[in-house]
Amino acid sequence: MSLSRKRKKQLRKLQDQASKLWESQQVLVGESAHVAREAGRQLGYFGREQVVPTVQDSYQKYAAPYVDRSVGYSKHVLSDKVVPAAGAVVGSALSVWDAAHDTRDRIAKGRGLELPDAKKYAKRADKYSKKATRKLSKKLSVQPHHDGISAGGVIAIILGVAAAVGVAYAAWQTLRADDELWVADDPLRAPDA
C-alpha cells in the first residue's frame, strides 16, 4: 500500500514534531533532576540552620528542666533511699546468718544452747550494713553526664529524614516514567511515527 505525497509530508512533519517533543522532554528531565538535587541540598541547609536550632531551643526550654529535675530526683532516691535500705537489709541478713552459725557451732561443740548476745550482733549488723551500703553505692553510682546526641538531636534527625523522604517522593512522582511518554528503546533516537 503506497501513501500519497501529502500523507508522507504530513507524517514527516508529525515525526519532526515528535522528535522536537522528545528532545524537549529529555532537556526537561535533566533540568528536573537538577532542581531535585538543589531542593535536597536546600532542605539540608534548612534543617541545619532552622529546624535543628528550633528543636534544640524548644527541648531546652520545655523538656530539659523536667528531665534534669527527674534525673536529680532519681539520683536522690537511689543514693539516699534505696542504697541505705538495701544495705540495712543485707546487714541484718548477714547478722542473722552469723547468729545462726554461732549457735550451730556451740551446739556442735557441746556447749549447749544459749541466747545470743544482742549487742554483739547489733554491732555486726551495723558493720555489715555499712559495708553493704558502700559496695552498693559503688556499683549503683550514677555515671556522670556525657556529651552526646540529645533527645533534641534525635528529633531533629527524624524530622530531617522525614522531610528528605517527602522531597524524594515528590521528585519521584514528578519524574517517574510513563510508558508512552518517557521510556524509549534508544534514548538518542526519536520515536518512529
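From a predicted model like this one, the values you see are computed outputs, not experimental measurements. In this chain, residues are counted from 1 in sequence order.
- In the hydrophobic clustering of ILVMFWY residues, with side-chain heavy atoms under 4.5 Å counting as a link, Ile158 and Val161 come out together.
- Between Gly47 and Pro53 the shortest heavy-atom distance is O-CD, 4.3 Å.
- Here the CD-CH2 distance, from Gln15 to Trp22, works out to 13.5 Å after rounding to the nearest 0.5 Å.
- Comment: Glu23 does not engage Lys20 in a salt bridge, judged by the lack of any side-chain N to carboxylate O separation of less than 4.0 angstrom.
- Atom-to-atom distance recorded for Glu31:CD and Ser24:OG is 10.0 Å, nearest 0.5 angstrom.
- Closest approach of Val52 and Ala156 over heavy atoms only: CG2-CB, 3.6 Å.
- When all heavy atoms are compared, the tightest approach of Ala39 to Val167 is CB-CG1, 4.4 Å.
- Taking Arg12 as the reference, Lys8, Lys9 meet the side chain to side chain contact (heavy atoms under 4.5 Å, CB included) condition, with sequence neighbours excluded.
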Tell me which donor-acceptor pairs under 3.5 Å the side chains of residues 56-64 have, and how far apart each pair is, sequence neighbours excluded?
residue: Ser58; atom: OG; partner: Thr54; partner atom: O; Å: 3.0

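- If you chain together hydrophobic residues whose side chains sit under 4.5 Å apart, Ile157 and Val165 fall into the same group.
- To the nearest 0.5 angstrom, Leu21 atom CG is 4.5 Å from Gln25 atom CD.
- Phe46 and Leu159 fall within a single hydrophobic cluster, where Ile, Leu, Val, Met, Phe, Trp and Tyr side chains are chained together by heavy-atom contacts under 4.5 Å.
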